[in-house]
Amino acid sequence: MPTRRQIIVGAGLAGGMALLPRLGQATPQMRDEAAAALTKGAAIQDGRVTLTIPSVAENGLSVYTTVSVDSPMTAGDHVKAVHLLSEQNPIAHLLTWHLGPRAGVAKVSTNIRLGASQQVTALVEMSDGSFWRDSKTVIVTIAACIDGG
Amino acid sequence: MALPPARVSMPAEARQGEILEIKALIRHPMETGYRVDSRGQPIPRHIVRRFSVAYDGEEVFRMDLTQGVAANPFIAFSTVATRTGELVFTWEDDRGEVVTVRKSLTVTG
């Protein structure tokens, strides 16, 4: 059972967490640089990739995101990696999923943070070395990085 | 009783060749390192860096995470049922903490 003092101190801490240092932010250019580092300059084609993400996200702290790729996922023809890229978060390269033929199907989901309304990009590397992408614009009502977590 | 820090949901049995959907969840703050406490001191970054899955000793899935992944990371993915064996799910964070969950899979047909 917390004492009244602990509750007051706790409330103060929670309030303090709303304060944020000024952040650097990714830019579309930084996202493109992150993509170029991943592709090592190879061309990126549109298609084969479906990025499913809400067009309006009420809470940027947790945005459910799914990427699926049109691939037979065989030993000779499969998805090797899926990267999620941001143009407005503090960092441009949010995550990478490493897949292979043992996945059976190329479909992965997770919850990401979005610090602002922006375009999110899924960049996919195939076993033949080709790169494919899909991008979606997300309007974020309450951004991550403002408070809470 | 506290819930275990990590949970994995997947079938216990499958037919050979069946694609299994697996869901994994871990309780973790995924502290970004961008926030400050009430005294203005930065709260250190504390995130899960890597999640990996081995099926009968062979890696079948891996994820590299950053502070751009939400707290209490949830991951849904798939694997093909090949043979009866054990799947080992491992989370590693940037403080060197490792959490492991093991699941047995019986493959028929």
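Below, all heavy atoms of this structure are taken into account, side chains as well, without hydrogens, waters or symmetry copies. Letters A, B, ... are given to chains in the order of the sequence lines, protein chains preceding strands, and every chain is numbered from 1.
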- request: Decide side-chain hydrogen bond (donor to acceptor under 3.5 Å, both in side chains) for A/Gln119 and A/Arg31; before the verdict, give the C-alpha distance in whole Å, the side-chain angles of both, and the deciding distance to 0.1 Å.
  value: CA-CA 10 Å; A/Gln119 193 178 65; A/Arg31 177 206 51 207; 3.2 Å; yes
task: Work out which heavy atom in B/Ser78 is nearest to a heavy atom in B/Ile19; give both atom names and the distance.
output: CB-CG2, 3.8 Å
query: Roughly how far, to the nearest 0.5 Å, is the CD1 atom of B/Ile75 from the CD1 atom of B/Ile26?
result: 8.5 Å
- prompt: Where do A/Leu114 and A/Asn89 come nearest, in terms of heavy atoms and distance?
  reply: CA-OD1, 3.5 Å
task: Would you check if A/Leu51 and A/Leu84 make a side-chain contact, meaning some heavy-atom pair closer than 4.5 Å?
output: yes
- request: Could you tell me whether the side chain of B/Gln67 reaches within less than 4.5 Å of the side chain of B/Glu31, counting heavy atoms only?
  value: no
field: Contact residues of residues 127-136 of chain A (partner chain B; heavy-atom separation under 4.5 angstrom)
entry: none
query: Would a 4.5 Å heavy-atom cut-off, applied to side chains only, mark A/Ile53 and A/Val138 as touching?
result: yes
field: With sequence neighbours excluded, residues passing side chain to side chain contact (heavy atoms under 4.5 Å, CB included) with B/Lys23
entry: B/Ser9, B/Glu21, B/Phe74, B/Ala76
- prompt: What closest approach, in Å, do B/Arg45 and B/Thr32 show between heavy atoms, and which atom pair accounts for it?
  reply: NE-O, 2.6 Å
Residue-level contacts of residues 89-109 of chain B with chain A, using a heavy-atom cutoff under 4.5 Å: none
message: Looking at chain B, which one of A/Ala103, A/Gly104, A/Ala106 has the largest number of heavy-atom pairs inside 4.5 Å, strictly under?
response: A/Ala103
task: Answer yes or no: is there a side-chain heavy-atom contact under 4.5 Å between A/Met30 and A/Asp32?
output: no
query: If we only count heavy atoms from C-beta on, is the A/Thr74 to A/Pro101 side-chain gap below 4.5 Å?
result: no
- prompt: Do A/Thr27 and A/Glu87 touch side chain to side chain, with heavy atoms closer than 4.5 Å?
  reply: no
- prompt: By a 4.5 Å heavy-atom criterion (distance strictly below it), what part of A/His83 contacts chain B: side chain, backbone, both, or neither?
  reply: neither
message: Applying a heavy-atom distance below 4.5 Å, give me the residues of residues 56-66 of chain B that approach chain A, sorted by number.
response: B/Glu58, B/Val60, B/Phe61, B/Arg62, B/Met63, B/Asp64, B/Leu65, B/Thr66
query: Is there side-chain contact between A/Thr52 and A/Thr65, with heavy atoms separated by less than 4.5 Å?
result: no
query: What's the shortest heavy-atom distance between B/Pro29 and A/Arg113, and which atoms?
result: O-NH2, 3.5 Å
task: Find out whether A/Thr96 and A/Val82 are in side-chain contact, i.e. whether some heavy atom of one side chain is under 4.5 Å from a heavy atom of the other.
output: no
- prompt: Checking B/Thr82 against chain A: side chain, backbone, both or neither under 4.5 Å from a heavy atom?
  reply: side chain
task: Please state whether the side chain, the backbone, both or neither of B/Phe51 comes within less than 4.5 Å of a heavy atom of chain A.
output: neither
